[in-house]
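One structure is given below, encoded as structure tokens.
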Amino acid sequence: MSAFVPSFNHKIIEKKWQDQWYESGVFNAKDFDQRPKYYNLVEFPYPSGAGMHVGHIRAYSSLEVLSRKRRMEGYNVLFPIGFDAFGLPTENYAIKNKVHPRIVTDNNIKVFTEQLKAAGFSFDFSRVVDTTQPDYYRWTQWIFLKMYDQGLVYRSKTFVNFCPDCKVVLSNEESQGGECDRCGNEVVQLKKDVWFLKITEYAAKLLDGLKDLESSSRIHTEQENWIGKSEGAFITFPIADNSHTLSVFTTRPDTIFGATFMVIAPEHPIIDEKASQIKNLDEIRQYQEATKRKTEFERIQLNKDKTGIKIEGLDAINPLTKKPIPIFISDYVVITYGTGAIMAVPGHDERDYEFAKKYQLPIIEVISGGDITEAAYTNTESGMLVNSGFMNGLSVELAKQSIIDYLVKTGIGTASVQFKMKDWAFNRQRYWGEPIPIIYCEDCGVVPVPYEDLPVTLPMVEHFEPTETGESPLAGIEAFTRCVCPKCQKPARRETDTMPQWAGSSWYFLRYMDPFNKHEFASKEKMHYWGKIDWYNGGMEHVTRHLIYSRFWNQFLYDQGLVVHQEPYKKRTAQGLILGEDGEKMSKSRGNIVNPMEIIDEFGADTLRVFILFIGDYEMPTPWNSAGVKGARRFLDKLWRLQEKLVKKDQFTPSLENIIHKTIKGVGEDIEAMKFNTAVSKLMIAVNEATASSEITDKDLETLVLLTYPFAPHISEEIWSNLGHSDSIVLHPWPVYDVSKLIEKQVEIVININGKIRDRMIVDFNTNEETLIDLALSSKKVVDHLAGQKPKKIIVIPNKLVNLVI
RNA sequence: GCCAGUGUGGUGAAAUCGGUAGACACGAUGGACUCAAAAUCCAUUGCCGUUAAAAGCGUGUCGGUUCGAGUCCGACCACUGGUACCA
């Protein structure tokens with residue numbers, strides 16, 4: 001037996017192995033290598049000044065473990081990292097502290113990189129991507145221009161969410177609840193010229209592509225709901241004097257006989273077109289103005305009651321009943337969806353019902369099964385058509401078919417599919433973003449920057465404070481705005497808006513495959529070699545936006561023949577949030593933030609990694625528990641101390657053989673299933689058993705160390721080297737288990753009487769049913785309980801239980 | 001409101017197929033070692049009960065299916081996230 005080995009010093013060994021790994025480049029992926037490839041992607045971080053968060057550790061640990069295991073399994077693993085570094089927090093910090101965002105960003109990236117290395121992540125640091133480098137955003141601009149060429153970029157004047165405090169325009173996503181995402185202040189409505197990407201053109205394809213994406217049902221559902229496909233029909237309603245028509249979209253064309261009025265959005269163009277006929281035009285105009293003034297917040301919070309105005313002098317005709325019906329304007333109908341007009345069927349739509357009750361409009365039952373004097377009846381499963389002419393007696397499903405046939409035949413309408421998803425507002429009035437490569441010429445109008453002139457670089461200036469008008473800071477920089485029209489060579493002006501933060505992250509996974517290419521965003525050969533991303537892990541909060549946006553860009557590039565696969569990701573998973581110890585979201589204001597660097601300093605990176613994976617189900621949110629960190633460290637100390645009673649032998653200790661094989665199987669399977677918490681627990685059980693054993697062999701310890709390596713690589717490398725190996729574990733194959741060694745020799749069987757446990761017994765594995773029954777019936781406790789009664793029925797589950805039913 | 005998810009000890013959590021509820025870890029209590037502390041080791045630890053046991057109770061609530069339910073079905077309650085009148 002060897003002499004006492006002191007418990008390990010994490011500061012020394014972690015530094016030692018990190019230096020060795022990062023200097024040797026052992027984790028760098030090799031293009032065109034003969035080994036099979038495996039591409040693991042984690043969402044690249046925004047390098048905030050606060051540095052790394054425990055959430056980052058959790059987010060990266062899953063594919064970190066998988067990457068290390070895959071390398072041991074012989075794969076050429078691409079596990080890249082980069083920085084999504086454009087964005088408002090940096091800009092705000094820069095303004096406040098009078099430092100240029102370039103300097104702030106470079107600093108933050110430096111700190112972040114050091115921290116990622118201190119945690120021992122096996123990223124390929126040789127292909128780091130930074131979205132704020134001209135070499136990178138040149139291609140972001142290039143893809144934007146490709147979209148422009150294909151008619152997927154357009155400019156439109158609309159009301160946008162404007163934060164008077166940050167002086168920036170916000171997308172709907174960034175101003176939820178009428179509050180600015182960044183500063184929390186109230187958002188107002190401002191009329192602006194806005195660039196849009198026509199993502200709606202890809203709605204059907206984005207929905208369709210989901211079937212090739214392996215992910216949990218909640219991820220699928222969130223994407224589906226965001227795209228929001230609904231099938232229905234366009235129906236044309238004539239205006240009573242036959243001078244005009246009003247087109248509606250409805251998902252329930254079958255209820256048309258019950259359409260007793262129409263509602264149009266306040267912004268609907270027919271108001272202006274028929275203004276001369278409208279008798280209460282003043283009142284209508286007032287309502288329109290009131291709607292415009294409302295922020296989204298007010299519409300949501302204060303407008304639970306339906307409001308609306310009847311348009312006097314303008315009636316429509318229900319094309320099926322031929323009866324005249326009134327037309328209302330109301331802000332519960334929105335101009336951006338469908339046609340901005342609906343046929344209201346109060347009997348079978350809750351919103352229409354509420355409106356009809358308020359304005360005392362007729363409610364007609366056209367689907368039987370409910371009580372329309374009480375509420376709208378919206379069940380489409382069991383109802384049957386009534387009061388509906390030729391559709392009477394049909395189910396809703398059949399009636400839909402029947403009415404669409406009729407509408408098409410008579411030219412009144414057509415079948416149609418609509419999507420809830422809106423086009424993507426693609427500009428911000430900020431400095432710290434990719435300049436939009438567009439030039440305005442007085443003669444030629446909007447002119448895209450020629451491809452060969454890219455990148456349009458951000459000027460390195462001293463003043464990047466926002467303007468009072470809500471224009472981009474770039475607008476005040478003459479040297480930037482002044483340019484020459486590429487078409488006519490006359491003086492022209494540059495677009496001064498920049499792209500939203502989502503831009504750079506929409507294609508970064510492609511750049512990783514070929515990060516230094518000066519001629520293309522990535523070469524076809526390399527994209528062909530690396531193929532699809534095998535596994536993509538990130539936050540649940542990005543499942544709707546970033547995931548859809550990046551799939552959109554990839555699909556677009558695919559359609560242009562510029563990438564190899566239509567869908568970029570094979571599999572997508574999402575980690576759960578780490579909450580503060582108080583169970584609340586971690587935030588500065590709550591003062592419950594845990595700094596991972598402090599844990600690394602005190603307990604070591606291995607401890608932090610093991611603990612964060614052990615803390616709970618990877619996909620569920622879980623509170624931080626500082627006391628629990630010690631448990632992870634104790635486990636590593638126990639593993640270390642196994643070296644004290646090492647026996648040189650190339651065989652498993654007989655009493656440990658079974659548990660070791662079970663652990664190889666269990667840990668391997670748990671990693672693949674993202675059950676990292678139970679994988680760690682299985683390692684703990686194995687180490688506990690080895691600790692209890694009087695001696696352990698080289699082979700026992702080697703195997704345990706190989707299994708621990710993906711979780712706690714530094715200590716594993718150190719023990720591995722102590723065991724006399726001169727090579728790194730990463731070059732050593734993942735252990736395999738022997739199925740024949742998994743079987744237990746003896747098992748415990750429970751004896752139930754009427755499903756209640758009354759006794760237990762230990763028997764040989766695979767003892768036959770008759771023997772089990774005999775043994776059960778001879779148990780003293782069972783005999784006492786039966787008190788002479790004969791079981792009516794006996795259920796035997798081999799190796800599990802015997803249930804006596806009396 | 002709608003959609004999704006989650007409710008299990010003092011705490012974080014386990015529990016492939018419906019078959020021993022609480023693995024593993026934290027904490028707590030008692031003990032060993034120590035002048036003492038830390039570290040380590042041993043024992044106990046769902047509740048109730050008991051000298052000890054037995055019995056009884058127990059996976060948000062109420063009901064159902066089953067020989068047997070944390071797991072399946074129905075209704076409800078609570079919490080978390082997403083969304084905002086999408087026709």
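The chains referred to below are lettered A, B, ... by the order of the sequence lines, with proteins before strands, and numbering in each begins at 1.
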Exercise. Should A28(B) form a Watson-Crick or G-U wobble pair with both distances under 3.5 Å, which nucleotide is its partner?
Worked result: U44(B)
For this session: Enter the distance from Gln418(A):CD to Thr250(A):OG1 here, rounded to the nearest 0.5 Å.
Result: 11.0 Å
Problem set entry | Integer-rounded Å distance: A4(B) P and Met540(A) CE | 12 Å
Exercise. C67(B) and G18(B): how far apart are their C1' atoms, nearest whole angstrom?
Worked result: 12 Å
Exercise. Does Ser230(A) have a side-chain nitrogen or oxygen under 4.0 Å from the phosphate oxygens OP1 or OP2 of A87(B)?
Worked result: yes
For this session: Taking atom NZ of Lys358(A) as the centre, report whether more than 12 heavy atoms of other residues, nucleotides or ligands fall under 6.0 Å from it.
Result: yes
For this session: Can you tell me the pairing partner of U34(B) across any strand shown, Watson-Crick or G-U wobble, with both distances under 3.5 angstrom?
Result: none
Exercise. Which part of the nucleic acid, if any, lies within contact of Arg758(A), taking any heavy atom under 4.0 Å across all strands shown: a base, the sugar-phosphate backbone alone, or nothing?
Worked result: sugar-phosphate
For this session: Answer with base, sugar-phosphate or nothing: what part of the nucleic acid does Lys630(A) contact at a heavy-atom distance below 4.0 Å?
Result: sugar-phosphate
Problem set entry | Nucleotide opposite U6(B) in a Watson-Crick or G-U pair, distances under 3.5 Å | A78(B)
For this session: State the syn/anti category of G82(B) according to its glycosidic angle, syn meaning within 90° of 0.
Result: anti
Exercise. With nearest nucleotides of RNA chain B determined for Ala341(A) and Lys800(A) from heavy-atom distances, which residue corresponds to the more 5′ nucleotide?
Worked result: Lys800(A)
Problem set entry | Whole-angstrom distance between G74(B) and G82(B), as gauged at atom C1' | 27 Å
For this session: Could you check whether Thr544(A) gets within reach of a base, just the sugar-phosphate, or nothing at all, counting any heavy atom under 4.0 Å?
Result: nothing
For this session: Assess whether side chain to side chain contact (heavy atoms under 4.5 Å, CB included) is satisfied between Glu222(A) and Met540(A), documenting all intermediate values.
Result: CA-CA 10 Å; Glu222(A) 284 211 17; Met540(A) 202 59 203; 3.7 Å; yes
For this session: Between C85(B) and U16(B), how far apart are the P atoms? Round to whole Å, please.
Result: 42 Å
For this session: Have a look at Asp352(A) and say if it touches a base, only the backbone sugar-phosphate, or nothing, with a 4.0 Å heavy-atom cut-off.
Result: nothing
Problem set entry | C1' atoms of C24(B) and A14(B), separation to the nearest Å | 7 Å
For this session: Could you please name the option among A25(B), A87(B), U40(B) that lies closest to any side-chain atom of Arg641(A)?
Result: U40(B)
For this session: Scan Ile685(A) against the nucleic acid and name what it touches under 4.0 Å (heavy atoms): base, sugar-phosphate only, or nothing.
Result: sugar-phosphate
Problem set entry | d(CG, Asp759(A); C1', A54(B)) in whole Å | 13 Å
For this session: Starting from P on A87(B), measure out to CD1 on Ile335(A) and report it in whole angstrom.
Result: 16 Å
Polar atoms only, N or O, under 3.5 Å: list the protein pairs with nucleotides 5-14 of chain B and their distances.
residue : atom : partner   : partner atom : Å
G12(B)  : O3'  : Thr622(A) : OG1          : 3.2
G12(B)  : O2'  : Ile615(A) : O            : 2.6
A13(B)  : OP1  : Thr622(A) : OG1          : 3.1
A14(B)  : OP1  : Asp617(A) : N            : 3.3
A14(B)  : OP1  : Asn677(A) : ND2          : 2.8
A14(B)  : O5'  : Asn677(A) : ND2          : 3.4

For this session: Could you check how far CG of Asn752(A) sits from P of G68(B), rounded to whole Å?
Result: 11 Å
Problem set entry | Distance, P atom - from A21(B) to G70(B), rounded to whole angstrom | 9 Å
For this session: For residues Phe765(A) and Asn799(A), determine if any side-chain heavy atom of one lies less than 4.5 Å from a side-chain heavy atom of the other.
Result: yes
Problem set entry | G60(B) versus G9(B) - spacing of their C1' atoms, nearest Å | 15 Å
Exercise. Which part of the nucleic acid does Ile797(A) contact within heavy-atom distance under 4.0 Å: base, sugar-phosphate only, or nothing?
Worked result: base
Problem set entry | Cation over ring face, Arg633(A) and Phe614(A), 6.0 Å, 45° | no
For this session: Might you confirm whether atom NZ of Lys310(A) has over 12 heavy atoms from other residues, nucleotides or ligands at distances under 6.0 Å?
Result: yes
Seminar exercise, completed: Taken to the nearest 0.5 Å, the spacing of Arg634(A) CZ from Lys638(A) NZ works out to 8.0 Å
Exercise. Looking at Val248(A), Ile311(A), Val333(A), which one forms a side chain to side chain contact (heavy atoms under 4.5 Å, CB included) with Ile264(A)?
Worked result: Ile311(A)
Could you go through nucleotides 1-3 of chain B and list every protein N or O atom that sits under 3.5 Å from one of its N or O atoms, giving the distance for each pair?
residue : atom : partner   : partner atom : Å
C3(B)   : O2'  : Asn225(A) : ND2          : 3.2

Exercise. Are Leu804(A) and Leu777(A) side-chain neighbours, meaning at least one heavy-atom pair lies under 4.5 Å?
Worked result: yes
Exercise. Quick one: does Asn677(A)'s side chain get under 4.5 Å of Tyr618(A)'s, heavy atoms only?
Worked result: no
Seminar exercise, completed: Between CZ of Arg760(A) and C1' of A54(B) the distance, given in whole Å, is 14 Å
Seminar exercise, completed: Per the O4'-C1'-N9-C4 / O4'-C1'-N1-C2 angle with a 90° window around 0, C17(B) comes out syn
Exercise. How is Lys756(A) classified with respect to the nucleic acid when contacts are heavy atoms under 4.0 Å: base, sugar-phosphate, or nothing?
Worked result: sugar-phosphate
Problem set entry | Between C17(B) (P) and Ile795(A) (CD1): distance, integer Å | 21 Å
Exercise. Taking atom P in both A15(B) and G7(B), what distance in whole Å separates the two?
Worked result: 11 Å
Problem set entry | Base paired to G18(B) (Watson-Crick or G-U; both N/O distances under 3.5 angstrom) | none
Problem set entry | Side-chain touch Phe611(A)/Val680(A), heavy atoms, less than 4.5 angstrom | no
Exercise. How long is the line joining CD1 of Ile659(A) and C1' of C24(B), in whole Å?
Worked result: 12 Å
Problem set entry | Phosphate contact (C24(B) OP1 or OP2) by Arg634(A) side-chain N/O below 4.0 Å | no
For this session: Could you say whether Ile749(A) or Thr336(A) is positioned toward the 5' end of RNA chain B, judged by the nucleotide with the nearest heavy atom to each?
Result: Ile749(A)
Seminar exercise, completed: Ile757(A) has its side chain closest, among U83(B), G68(B), U20(B), to U20(B)
Problem set entry | Aromatic contact, Phe355(A) with Phe261(A) (centres under 6.0 Å) | yes
Exercise. Quantified in whole Å, what is the P atom distance between nucleotide U45(B) and nucleotide A36(B)?
Worked result: 29 Å
Exercise. Is there a side-chain contact between Ile256(A) and Asn318(A) (heavy atoms, below 4.5 Å)?
Worked result: yes
Seminar exercise, completed: The Watson-Crick or G-U wobble partner of G1(B), with both key distances under 3.5 Å, is U83(B)
Exercise. Between atom CG in Leu636(A) and atom C1' in A25(B), what is the gap in whole Å?
Worked result: 13 Å
